[in-house]
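Just below is one structure, and these are the notes that go with it.
Because only heavy atoms are used, hydrogens play no part in the values below, and waters and symmetry mates are left out as well, while side chains stay in. Letters go in sequence order (proteins before strands), and every chain restarts at 1.
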There are 2 protein chains.
Amino acid sequence: MTDFAFADSDLQKFEEPANLLKALSHPIRLCIVRGLMRKKKCNVSYMQECLDLPQSTVSQHLQKLRSAGIVTTERSGLEVNYILADRRIEDIVNILFGEEDCRDE
Amino acid sequence: MTDFAFADSDLQKFEEPANLLKALSHPIRLCIVRGLMRKKKCNVSYMQECLDLPQSTVSQHLQKLRSAGIVTTERSGLEVNYILADRRIEDIVNILFGEEDCRDE
DNA sequence: TCGTTATATTAGAATACTACGATATAAGAA
DNA sequence: TTCTTATATCGTAGTATTCTAATATAACGA
């Protein structure tokens, strides 16, 4: 009955990974993460300009990535730089995008 | 301006991977996928019993996995068996759950 | 201090997701 | 055919996401 590893109580074990994936599963956020894999460090207005989206939209996506632990921040003066913070995420994104090593394709 | 690889038109390139992740980012669906990695093939009522959830709930999650291309089906008599259909998904789940090779932990 | 720039937060409407009972379909047995 | 089992779909209430303008905060310079 449980070699499928499906015990009800176990469902809790899947909450955290599911939340991580959920934070990543939006085209804008995926794009941001991919960009950070290439650029290593980036401030908000630069992303905003590249993405051509309202500032609050970009910022809200960044907060979502941050509270999932996917990125972290580093203030320098007026700017806040975002940096990837979870190695697993890079591996996942590489799987999705075919592992080419961060040059322009 | 675009070494971040953030051109607006490019956002479309992220839709498909984002949808794949979205289909995966729910604890029940993650649990099902993980179970299928171990058991290879499984019918609905078995999953339903293990998960202890209403039949329609399980079925709906399965349809979501199926329409994302994550699983495929194979009917045998009254039963419908579900099988993983996307290798990338297994890699992603292994990253999330620490890569132990499908024995009971 | 005041002004300016960069970023974060709030508010609220539109949209999407989730759970689950009720119902429908599909396949085999009698 | 009718009955039964296994699975899928529908209806819908509750909940969560998403977008964006408006507003708030944080840091710097004058």
Below 4.0 angstrom from OP1 or OP2 of [N], is there any side-chain N or O of [X]?
X	N	answer
B/Thr57	C/dC20	yes
B/Tyr82	D/dA6	no
B/Lys22	C/dC17	yes
B/Arg29	C/dT18	yes

Backbone of B/Ser56 reached by a side-chain donor or acceptor of B/Ser59 within 3.5 Å = no

Could you tell me the separation between the [atom1] atom of [X] and the [atom2] atom of [N], rounded to a whole number of Å?
X	N	atom1	atom2	result
A/Asp52	D/dC19	CG	C1'	14 Å
B/Gln48	D/dT7	CD	C1'	9 Å
B/Glu74	D/dA8	CD	P	13 Å
B/Asn19	C/dA16	CG	C1'	12 Å
B/Asn43	C/dA26	CG	C1'	15 Å
A/Glu15	C/dT18	CD	P	12 Å
B/Ile32	C/dA19	CD1	P	10 Å

Give a yes or no on whether a donor-acceptor pair under 3.5 Å exists between the nucleobase atoms of C/dA6, that is its base, and the side chain of A/Gln55.
-> no

Pair of N/O donor and acceptor under 3.5 Å linking C/dA6 base with A/Ser45 side chain = no

DNA chain C contacts among residues 59-71 of chain A, heavy-atom distance under 4.0 Å | A/Ser59, A/Gln60, A/Gln63

Go through the steps to decide whether B/Leu84 and B/Met37 satisfy the test side-chain contact (heavy atoms from CB on, under 4.5 Å), and finish with yes or no.
-> CA-CA 7 Å; B/Leu84 287 178; B/Met37 284 170 66; 3.3 Å; yes

Could you give the distance from [atom1] ([X]) to [atom2] ([Y]), rounded to the nearest 0.5 Å?
X	Y	atom1	atom2	answer
A/Leu21	B/Leu24	CG	CG	5.0 Å
A/Asp86	A/Leu65	CG	CG	11.0 Å
B/Ile92	B/Ile70	CD1	CD1	8.5 Å

Earlier contact from the 5' end, DNA chain D, for B/Thr73 and A/Leu53 = B/Thr73

With the side chain of [X] defined as its heavy atoms from C-beta on, choose the nearest nucleotide among [options].
X	options	answer
B/His26	C/dT7, D/dA6, C/dA19	C/dA19
B/Glu79	D/dA6, C/dA27, C/dT7	D/dA6
A/Leu78	D/dT20, D/dT9, C/dA6	C/dA6
B/Val80	D/dT20, C/dC20, D/dT7	D/dT7
B/Pro54	D/dA8, C/dC20, D/dT17	C/dC20

Using the benzene-type ring in the case of Trp, are the ring centres of A/Tyr46 and A/Tyr82 under 6.0 Å apart?
-> no

Stepwise side-chain contact (heavy atoms from CB on, under 4.5 Å) test for A/Glu16 and B/Leu96 = CA-CA 10 Å; A/Glu16 195 249 14; B/Leu96 291 172; over 6 Å; no

Within 45° of the axis and under 6.0 Å from the centre of the six-membered ring of B/Phe14, does NZ or CZ of A/Arg34 qualify?
-> no

